[in-house]
Participant: 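Following this message is one structure expressed as structure tokens.
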Amino acid sequence: SSSKASTRPVAPVSLVEALEEEGIASNPVLADWYRARKSQYAPTGYQIKDAPWSDISSDAAIMNSLEEYNDAAIFVIKRIRGENTDVSFNEPTCDGEGGNYLGLNQNEKSVLNALSSMKGTTFGKIIVLLNTPNQVELAFLKEYDIDACLWIGSVGQTGFRGVSQIISGSTSPSGKLSDTFYYHHSDNPVMANWGSFTYANYEDFLAELPSFGGKSYSSMQYASYVAY
């Protein structure tokens with residue numbers, strides 16, 4: 001569902017704020033850099049965007065600050081599609097690989113590749129947060145030697161507080177996933193149902209079913225209903 005992402009008029013708790021509340025120091029130089037460029041890298045439509053490593057690494061202040069915050073690198077993968085906005089596997093306007101909105105784009109790959117190359121020297125561990133209501137493809141977890149991955153959905157007003165508590169270890173996520181997260185969605189049988197499928201002969205039924213106003217779905221009402 002995408003409705004759980006709705007927030008009150010007051011600003012929601014950010015990941016940086018939630019980490020600080022939990023006693024975890026984050027990199028203020030990097031945080032300020034992202035804030036100043038939010039409109040430039042924020043996703044729009046099927047454009048995933050995000051900052052490429054070439055832009056991040058070109059800032060000397062950021063690169064000089066990394067070793068001071070070297071316990072772990074936290075990388076957030078964000079997708080904004082929910083129940084009222086379909087995702088696409090081969091959308092021409094999408095910058096995901098091959099038009100795949102639930103795969104990584106080149107900008108995200110460039111950052112993960114850089115973090116992976118610095119693991120063990122600049123950073124101790126790499127943590128990935130999946131800030132998305134949909135299942136993204138997870139083959140990259142092995143490719144980039146990710147130490148921990150947490151699906152956090154759409155966090156809403158204060159959800160990052162719970163995320164930060166999990167990262168610090170002060171709490172543990174309860175339960176287990178009821179679904180399988182695929183490395184590649186092409187291995188998922190439901191892929192056969194992705195896309196827009198219309199009934200070729202829908203016009204034949206318009207006179208018979210006046211309420212059949214769409215090409216794909218019908219809307220009917222029972223005149224009377226008897227339950228047994």
Side-chain angles (χ1 to χ4, degrees), residues 1-6 15 18-19 43 45-50 72-116 119 123-198 216-217:
S1 171
S2 54
S3 60
K4 64 178 176 289
S6 301
L15 176 59
L19 289 171
Y46 282 111
Q47 289 289 304
I48 300 167
K49 296 186 179 180
D50 215 335
I74 300 176
F75 186 69
V76 181
I77 293 176
K78 182 180 178 65
R79 299 293 184 272
I80 57 177
R81 299 286 161 172
E83 61 187 336
N84 64 332
T85 48
D86 288 340
V87 298
S88 176
F89 190 68
N90 54 2
E91 167 61 43
T93 64
C94 178
D95 57 347
E97 185 175 5
N100 180 8
Y101 185 72
L102 296 181
L104 300 183
N105 71 359
Q106 290 302 319
N107 292 352
E108 293 170 317
K109 288 181 178 181
S110 70
V111 175
L112 286 173
N113 185 61
L115 296 180
S116 179
K119 181 180 173 181
F123 302 112
K125 296 182 181 300
I126 302 175
I127 300 170
V128 169
L129 302 179
L130 304 178
N131 183 198
T132 167
N134 288 284
Q135 295 185 5
V136 297
E137 295 184 331
L138 296 182
F140 68 87
L141 293 181
K142 288 187 175 181
E143 181 179 353
Y144 299 111
D145 193 22
I146 307 301
D147 295 283
C149 179
L150 182 66
W151 179 38
I152 63 176
S154 300
V155 295
Q157 190 74 30
T158 59
F160 273 127
R161 284 181 172 144
V163 173
S164 298
Q165 290 167 5
I166 293 171
I167 292 175
S168 73
S170 64
T171 190
S172 178
S174 60
K176 296 182 178 179
L177 288 176
S178 59
D179 297 313
T180 298
F181 270 58
Y182 285 84
Y183 281 169
H184 302 282
H185 281 308
S186 57
D187 297 329
N188 188 343
V190 304
M191 271 287 295
N193 297 320
W194 281 25
S196 177
F197 302 96
T198 60
S216 302
Y217 301 97

Participant: Between L112 and I146, is there a side-chain heavy-atom distance shorter than 4.5 Å?
Facilitator: yes
Participant: Are side-chain heavy atoms of I80 and Y101 found at a separation under 4.5 Å?
Facilitator: yes
Participant: What closest approach, in Å, do I48 and G103 show between heavy atoms, and which atom pair accounts for it?
Facilitator: CD1-O, 3.8 Å
Participant: State whether the number of non-hydrogen atoms from other residues, nucleotides or ligands found under 6.0 Å of Y183 atom OH is greater than 12.
Facilitator: no
Participant: Give me the atom names and distance for the closest heavy-atom approach of D187 to Y182.
Facilitator: O-CE2, 3.6 Å
Participant: Just wondering, more than 12 heavy atoms not from E143 lying within 6.0 Å of its CD?
Facilitator: yes
Participant: Taking all atoms of both residues into account, what is the closest heavy-atom pair of D147 and G124, and its distance?
Facilitator: OD2-O, 4.4 Å
Participant: Compare every heavy atom of G162 with every heavy atom of T171, then report the nearest pair and how far apart it is.
Facilitator: CG2-O, 4.4 Å
Participant: Any non-hydrogen side-chain atom of I77 less than 4.5 Å from a side-chain atom of F140?
Facilitator: yes
Participant: For residues N107 and K49, report the shortest heavy-atom separation together with the two atoms involved.
Facilitator: ND2-O, 3.4 Å
Participant: Are the side chains of N90 and N100 in contact, using a 4.5 Å heavy-atom criterion?
Facilitator: no
Participant: I need the L150 CG to I167 CD1 distance, nearest 0.5 Å.
Facilitator: 7.5 Å
Participant: Starting at OG1 of T93, measure out to CD of Q47 and round the result to the nearest 0.5 Å.
Facilitator: 6.5 Å
Participant: Whether the D95 and N105 side chains hold a donor-acceptor pair (N or O, under 3.5 Å, no angle test) is what I'd like checked.
Facilitator: yes
Participant: Can you list, pair by pair, the side-chain donor-acceptor contacts under 3.5 Å of residues 126-136, counting residues two or more places apart and other chains?
Facilitator:
| from | atom 1 | to | atom 2 | distance (Å) |
| --- | --- | --- | --- | --- |
| N131 | ND2 | G153 | O | 2.8 |
| T132 | OG1 | N134 | N | 3.0 |
| T132 | OG1 | N134 | O | 3.0 |
| N134 | ND2 | R81 | O | 2.6 |

Participant: Can you tell if the side chain of L19 reaches within under 4.5 Å of the side chain of F160, non-hydrogen atoms only?
Facilitator: no
Participant: Check this for me: does any side-chain nitrogen of one of E108 and R79 sit under 4.0 Å from a carboxylate oxygen of the other?
Facilitator: yes
Participant: Do F123 and L115 make a side-chain contact, defined as non-hydrogen atoms from C-beta onward lying under 4.5 Å apart?
Facilitator: yes
